[in-house]
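Notes to accompany the following structure.
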Amino acid sequence: MRSLSKHSDGLVLTCVLASFASAARGATIEVTPTDSFAKIEAAKPGDEVLIDPGTYKFRVYLQTKATAAQPIVIHAKDPTNPPVWDLNGTTVETAPGSYTAGDRGRGCWQFSGAENIQVSDIVITGCHTASFNSAGVRYYETSKGIKLSNVVFRDNDNGLTGGSQDSEITVEYCEFDRNGNLNASTSAPSHNIYIYGGTFTLRYSYAHDPIQGQNFHIRAHDAVIEYNWFSRAKSYQGDLMTDDDNGGTAAATQNMTLRGNVIVQGSTQSNTSQIVAVYNDAGAANLTLNVKLLYNTFVGTTGGRAALVHLSNADATTMSAELDNNIVFGTSKPTLVEDTAHGKVTGQNNWLMTGADATGLTGSVMGADPKFTNAAQNDYTLAAGSTAIGAALTSIAGLPDHEYYKDETVTRAYRVRASAKDIGAFESTTQGPGIGPAGGGGTAGTGGSTGGTTGATSTTATGGATGGATGGRAATTGGATGGRAGTSGGAAGGRPATTGGVVTSGGAGGTGGAVTSGGAGGAGGIATGSAGGAGGTATSTPSASGGATTTGGTIAGTGTTASPTGGTTGSARTTDTTSATPAGGKSGCGCRLGGVDHRATRWGTMLALAFVVASRLRRRGDRRRRSP
């Protein structure tokens, strides 16, 4: 009987510990097209939300503050058949949703003060407002730790907007396709990406063919844009302009780094004087704007004169541009500075067209042709004999360790860069398949302690995804759950982990590479880096119908150079003064504002029960030791 009691207590303790693990992981919530927004909005820290394939017609409004240790993870149940948020046929403000304030139409998915939420594997399309300024995703009001991964933004007023109130987001493996609206004001046009402030990171993404403005319109105080492909902007490719959170008088500095990007001008660009503009459009005092371009490949037009970087500082704003190890092809004007007393260009070892203006640049490699492998097929890797091979200066800070893969057909992936000895976005010695949602490489596990075995499916505790011919998808929750086998096979490759490490050149399958922060998978290599997760985005300005508040007018350029805000090809400042409080004082997201947290109660109960069981086992051991 005593033995039975002992085993019973041990079983109870085991169950209690298992309950602890379950509580730590959170709930799994499955959402179908017949459900409403409430299911997604009710997710709590640690929860995983699985979204079934199908079409969804409602808005999502998220305010929950999760933690880095227990993020809310929202992703497609089947990434090969992603769910589609399609609001065509209605305006966003009239679509079903919990948020009822005047700016509800500013984004299909909105993140207001939310923290540590990851969203991946969805498509957002057809998001329009009566005032032509909606977005697929909008984030604001100090939202932090937002991650977007493998999200397709297509045919919305804007693709991604947000960042005001010092918000922060990371965007990976996303596509921005033909976002914009020609009905939007020409003084505040629409864009593929419009960031109002905060901290912004974009990588491994593909942005192309915006309808009205730029591929990226950035007002962040710190922005890193790396290993992406940008093509065929409507006005010009992108810019850095005044942070919406800038009060106008205090000293402030904004920085934007572009590293390892491919930028293709194409023939659609209406403002042919510039590619990337830097401009203090708000006229803020004591502002410094800095841009740094490292290892990018720019492809202009035959006989082109568009300045790769235009410091538009005729108002005497302090600006700087540093260009190192870039290929600048198809323009005779790498930079343009309007006020050289307050604007400075520096840089080394760029490949420039013969006869190009290299003012401020040293060690330039001049030539008529950088010898791309096949420019007609968008293959801008370097062919044998290119003068850009081995010509980079590797002593600079911020060397690239990845490169975009591959072109405009195979998109949204990366490869580990073999070295940084070549000028431009691609290293001539880099080999292997791409790693990404649709790439050809292995996938990462999440938190596993060792790599998986060759060609085997992942197991609990190893956290490895499948490798070899099996292919596979990374686990969405690491550590205890491990990875799970993929369904798309080796040819389709794997996708990065949602909350774990990203395999930079495959995982342990095949040749069994070491795994440092993720699981095994793919065909050898080392798992490193942080996983692409999810997040939200968007900007906003409230009005009765969610309209924009424009505070900047059109400012003409100097001489014959088009201003970055000139007419229909520019981009005037739009402030983000959104009211984030829903009507009626409610949370606006279906969350409880008060009452009992039953999960906390369960935790207390389980802790008490564990203590009782442990005490009983200890007393029984003491009695046995005292027995003769």
Side-chain angles (χ1 to χ4, degrees), residues 33 51 53-60 74-76 78-93 95 105-111 119-129 132-139 148-162 169 171-184 189-195 202-217 228-235 237-238 264 266 268 407-413 436-438 495 532 534-539:
I51 305 176
T55 300
Y56 294 78
K57 292 286 189 180
F58 54 77
R59 293 179 284 113
V60 178
I74 304 170
H75 65 92
D78 177 7
T80 65
N81 187 14
V84 178
W85 258 260
D86 185 352
L87 298 189
N88 278 299
T90 187
T91 57
V92 177
E93 58 265 35
R106 294 300 304 276
C108 179
W109 284 63
Q110 296 204 47
F111 297 77
V119 179
S120 60
D121 313 322
I122 66 173
V123 176
I124 305 176
T125 186
C127 298
H128 306 284
T129 64
F132 319 116
N133 61 351
S134 188
V137 173
R138 172 195 184 207
Y139 68 103
L148 298 178
S149 182
N150 195 24
V151 177
V152 175
F153 298 84
R154 179 171 292 129
D155 295 325
N156 306 291
D157 285 345
N158 294 275
L160 167 67
T161 61
I169 194 170
V171 181
E172 302 176 323
Y173 311 102
C174 291
E175 181 175 1
F176 299 88
D177 176 15
R178 291 173 289 132
N179 297 285
N181 194 323
L182 291 176
N183 291 311
S190 51
H191 309 280
N192 263 334
I193 300 170
Y194 191 166
I195 305 302
L202 175 72
R203 55 192 175 218
Y204 321 136
S205 295
Y206 174 40
H208 58 99
D209 303 292
I211 298 299
Q212 186 183 35
Q214 286 92 262
N215 272 318
F216 57 95
H217 180 49
N228 305 287
W229 187 294
F230 301 104
S231 56
R232 294 178 302 280
K234 181 65 174 178
S235 55
Q237 290 291 339
V264 181
T268 60
D407 47 34
E408 296 196 43
T409 302
V410 178
T411 66
R412 296 183 292 139
R495 65 177 295 278
T537 58
T539 69

Which heavy atom of [X] sits nearest a heavy atom of [Y], and at what distance?
{"X": "Thr125", "Y": "Arg154", "value": "OG1-O, 2.8 Å"}
{"X": "Thr129", "Y": "Ser134", "value": "CG2-CB, 3.2 Å"}
{"X": "Pro53", "Y": "Asp78", "value": "CG-CB, 4.5 Å"}
{"X": "His128", "Y": "Glu93", "value": "O-OE1, 4.0 Å"}
{"X": "Ser149", "Y": "Tyr173", "value": "OG-CD1, 3.5 Å"}
{"X": "Gly126", "Y": "Asn156", "value": "N-OD1, 3.1 Å"}

Please list, chain by chain and in numerical order, all residues satisfying side-chain hydrogen bond (donor to acceptor under 3.5 Å, both in side chains) with [X], sequence neighbours excluded.
{"X": "Ser190", "value": "Gln212"}
{"X": "Thr90", "value": "Thr94"}
{"X": "Trp229", "value": "Glu408"}

To the nearest 0.5 Å, what is the distance between [atom1] ([X]) and [atom2] ([Y])?
{"X": "Glu175", "Y": "Phe153", "atom1": "CD", "atom2": "CZ", "answer": "11.0 Å"}
{"X": "Asn192", "Y": "Cys174", "atom1": "CG", "atom2": "SG", "answer": "12.0 Å"}
{"X": "Asp155", "Y": "Leu87", "atom1": "CG", "atom2": "CG", "answer": "12.5 Å"}
{"X": "His75", "Y": "Ile122", "atom1": "NE2", "atom2": "CD1", "answer": "12.0 Å"}
{"X": "Glu172", "Y": "Ser120", "atom1": "CD", "atom2": "OG", "answer": "10.5 Å"}

Practice prompt. Using the six-membered ring wherever Trp is involved, compare the ring planes of Tyr206 and His208 and label them parallel, tilted or perpendicular (cut-offs 30° and 60°).
Written response: parallel
Worksheet item: Do the ring planes of Trp85 and Trp109 sit parallel (below 30°), tilted (30 to 60°) or perpendicular (above 60°)?
Response: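 Ring orientation, 0 to 90° scale: perpendicular.
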Discussion item. Under a plain distance cut-off of 3.5 Å, with no hydrogens placed, do Asn133 and Asp157 share a side-chain donor-acceptor pair?
Written reply: no
Keeping the roles fixed (side chain from [X], backbone from [Y]), state whether a donor-acceptor pair exists under 3.5 Å.
{"X": "Thr411", "Y": "Thr409", "answer": "no"}
{"X": "His217", "Y": "Asn215", "answer": "no"}
{"X": "Lys57", "Y": "Asp86", "answer": "yes"}
{"X": "Arg59", "Y": "Gly107", "answer": "no"}

State, with a plain yes or no, whether a side-chain heavy atom of [X] is found less than 4.5 Å away from one of [Y].
{"X": "Ile74", "Y": "Ile51", "value": "yes"}
{"X": "Ile195", "Y": "Tyr139", "value": "yes"}
{"X": "Asn158", "Y": "Asn179", "value": "no"}

Discussion item. Arg232 vs Asp209, test: salt bridge (Lys or Arg N to Asp or Glu O under 4.0 Å). Steps then yes/no.
Written reply: CA-CA 5 Å; Arg232 294 178 302 280; Asp209 303 292; 2.7 Å; yes
Fill in: Derivation and outcome, side-chain contact (heavy atoms from CB on, under 4.5 Å), residues Tyr204 and Asn150
CA-CA 10 Å; Tyr204 321 136; Asn150 195 24; over 6 Å; no
Discussion item. Checking Ser235 against Gln214 for the side chain to side chain donor-acceptor pair (under 3.5 Å) test, could you report, in this order, the C-alpha distance in whole Å, the side-chain angles of both residues, the deciding distance, and whether it holds?
Written reply: CA-CA 6 Å; Ser235 55; Gln214 286 92 262; 2.6 Å; yes
Worksheet item: Do Asn228 and Leu202 pass the side-chain contact (heavy atoms from CB on, under 4.5 Å) test, and can you show the C-alpha distance, the side-chain angles, and the key distance before you say yes or no?
Response: CA-CA 8 Å; Asn228 305 287; Leu202 175 72; 3.6 Å; yes
Practice prompt. Carefully, step by step, assess Asn181 and Ile211 under the rule side-chain contact (heavy atoms from CB on, under 4.5 Å).
Written response: CA-CA 6 Å; Asn181 194 323; Ile211 298 299; over 6 Å; no
